[in-house]
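Please read the structure below before turning to the comments.
All values below were derived from every heavy atom in this structure, side-chain atoms included, with hydrogens, water molecules and symmetry-related copies excluded.
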Amino acid sequence: MGRVCIDTSKCVGCNACVRVCPVLDANIAKSDSTGRLVINIDEKKCIKCGACISACSHGARTYEDDIDAFMQDLGDGQEIVLLAAPSIKIGFEGNWRHVLQWFRNRGIKKIYDVSYGADICTWAHIRYLQQHPDAKLISQPCAAVVNYIVKHRPELLPHLSPVHSPLLCLGIYLRHVLGYKGKLAAITPCIAKGDEFKETRIIDYNVTMEHLRDYFKMNKVDLPTVKIYSPFEFDGDIGLEGAIYPRPGGLMKNLQIHNPDLCVISSEGTERLYDDLDLYLKQREKDLPAVFDVLSCKDGCNGGPATGVDYHCFAINNIMYDVEKYARNVRRKNVTRRGEDLQFAEFDKKLRLSDFLRRYVASEVKEIPVTEAEIERAYRLMGKTTEDEKHFDCHACGFRTCREMAIALAKGINEKENCHQYIITSVGAERHKVEQVNRKVHEMNGNLSNVFEQLNNNIYEIKEEADLIRETGLHTAEKMSILTDHMGKLASLNEGLRESAERITNSIESYNIMTRDVEKIAGKINLLSLNAAIEAARAGEAGNGFAVVASNIRQLSDSSKSSVASAKENDEAIKGAIDAISDVIEKFNSTITETLSSVKAAIKDVDKTSEKGQTIQESMDVVSRMADDVKAVIHETNVILN
């Protein structure tokens with residue numbers, strides 16, 4: 001039938017809802033996973049007074065009613081009778097008749113004025129008090145007050161008026177007197193009426209004025225914005241002074257019209273009413289008024305949380321004054337010369353008082369018991385040890401006293417972080433820790449500055465050494481290049497020597513061939529000279545001359561052989577020397593080749609060293625800039641810490 005809802009994404013934990021709530025345990029303050037404080041609702045303990053909705057400036061608190069079900073059933077063609085609370089003149093000031101005419105056009109056959117039910121309510125109170133002259137009653141037209149007493153102050157139930165509210169009086173009248181069996185829907189300014197309807201099962205829908213206005217806006221239902229004529233009129237009888245019930249003291253005014261001597265006092269508004277109800281319990285029976293007229297909203301039902309308007313008291317009073325003035329004039333016409341009230345006379349004839357009385361059953365709302373020891377422990381959790389600290393009473397947590405906050409903490413429905421004094425003390429302690437840390441950070445920054453200064457010096461020296469390595473490498477590379485050139489020339493000369501040695505070897509080989517040829521010729525000559533000598537000997541004297549020639553030829557042959565033998569020996573010696581030179585040249589060439597390879601490798605290494613020197617220099621430049629940046633950050637940190 002209706003409940004108060006919370007949108008946790010909009011809740012900022014400001015405690016405004018806690019501050020205005022008449023029930024200390026109805027709100028549960030807990031931090032979510034991100035550490036954000038969220039105020040949730042314990043629906044079983046909520047009395048649906050709507051004070052938190054009005055207090056929440058962030059739109060986190062809303063409510064539900066029966067408008068969706070009502071509109072759905074109306075659209076489906078179900079038979080529904082509509083009851084309009086008298087505060088509709090405030091909720092739809094200037095065009096309330098057009099609103100009701102719109103419903104009539106949509107298929108609502110009968111629309112009744114709840115002011116008439118209020119007149120029945122007044123009649124029932126007067127008759128009940130006549131039958132129970134010692135009764136001390138707390139009025140019950142306000143459903144939030146009924147919820148409060150039933151759930152949280154059951155000891156007040158004997159005083160709670162048994163007379164139904166104006167809405168239910170009208171509903172009972174329609175069902176018991178007129179015999180209506182269909183569904184009833186009520187246009188109200190009240191969220192808590194849903195609980196009343198659910199408990200009594202007389203009215204089926206609680207349609208709040210605010211949500212009705214939202215429905216019109218969403219569905220583009222255009223109503224006149226200025227006061228213009230509407231043909232609408234209520235079905236059945238019209239209420240008289242019952243129309244002023246929604247204003248503060250409305251019931252009191254009605255009762256005293258019919259019994260001016262009746263002791264009635266009133267109390268309105270969450271800031272005062274619920275304290276007055278607690279005070280009511282402490283009074284002696286004989287000191288209590290006959291009727292305690294109570295309304296949860298400061299401006300009565302006209303300022304209900306579901307009217308959807310925020311008129312100031314003067315505007316509301318002006319509207320209600322006109323309503324009361326009209327009703328008073330009608331009432332005068334309904335009183336006989338003998339002072340008999342014709343409306344009440346009619347009620348006496350056709351109504352039974354018992355039909356308009358109800359019984360109450362205390363709701364089993366589980367209270368969380370706490371001991372004084374647990375409250376003291378909660379005080380200590382909040383850092384409150386002295387009496388002054390326990391009575392700091394700043395109200396920032398939403399509670400009126402630190403004790404109420406300690407009780408909530410002991411019950412587990414609040415957190416110490418929601419205590420302003422705890423936060424102040426904690427912040428002070430944290431500030432002291434931060435100051436100590438700041439001092440240490442200052443010292444560390446000083447040490448870091450010295451370290452980075454030394455680092456800069458070392459970086460500068462490393463850069464210089466890297467520059468020197470790079471320059472040395474470059475010079476060494478140049479010298480290595482020159483050495484490589486000389487070694488290359490040496491290798492070329494060595495190659496020339498090797499080629500010359502090869503040519504000499506080839507020439508000696510040719511010479512050896514010629515020597516061998518000479519040796520062969522000498523052998524042949526020697527053989528010829530031997531043959532000649534033999535022939536000369538055979539010739540005798542005649543061959544003496546030829547013998548001399550043969551002897552000379554042999555000597556020449558022997559000389560040739562000796563020369564050839566000597567040449568051979570020289571050739572062998574020269575060949576051996578040439579081979580030795582070739583070996584030396586080969587080894588020299590191999591050595592030069594290896595040396596050239598080593599020199600080239602050394603040049604590459606020198607080039608790499610130069611490149612590394614350049615890389616080291618660039619890296620040192622980066623490190624140097626980083627060191628400068630860190631020094632700048634340290635300086636900025638010191639400025640901030642100071």
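Atom CZ of Arg352 is surrounded by 12 or fewer heavy atoms from other residues, nucleotides or ligands within 6.0 Å.
By the 30° and 60° cut-offs, the orientation of the rings of Trp123 relative to Phe356 is perpendicular. Note on ring orientation: taking the six-membered ring where Trp is involved, the planes of Trp102 and Phe216 are perpendicular (angle over 60°, cut-offs 30° and 60°). Note on ring orientation: taking the six-membered ring where Trp is involved, the planes of Phe344 and His258 are parallel (angle under 30°, cut-offs 30° and 60°).
Salt bridge absent: Arg247 and Asp299 never bring a charged side-chain N and a carboxylate O closer than 4.0 Å.
With no hydrogens or angles considered, a side-chain donor-acceptor pair links Tyr274 and Ser296 at under 3.5 Å. Judged purely by distance below 3.5 Å, without hydrogens or angles, the side chains of Lys48 and Tyr148 never pair a donor atom with an acceptor atom. Between the side chains of Thr307 and Glu210, no donor-acceptor pair of N or O atoms lies under 3.5 Å. With 3.5 Å as the limit, one finds no donor-acceptor pair spanning the side chains of Ser266 and Asp293. Ser161 and Tyr128 form no side-chain donor-acceptor contact under 3.5 Å, judged by distance and modelled atom types alone. For the residue pair Ser165 / Gln140, no side-chain donor-acceptor distance below 3.5 Å is found, with atom types taken as modelled. Side-chain atoms of Gln72 and Asp68 form no donor-acceptor pair, as typed in the model, at a separation below 3.5 Å.
Taking each heavy atom of Ile41 and Cys46 in turn, the nearest pair found is CG2-CB, 4.0 Å. In terms of heavy atoms, Ile47 sits closest to Asn147 at O-ND2, 3.1 Å.
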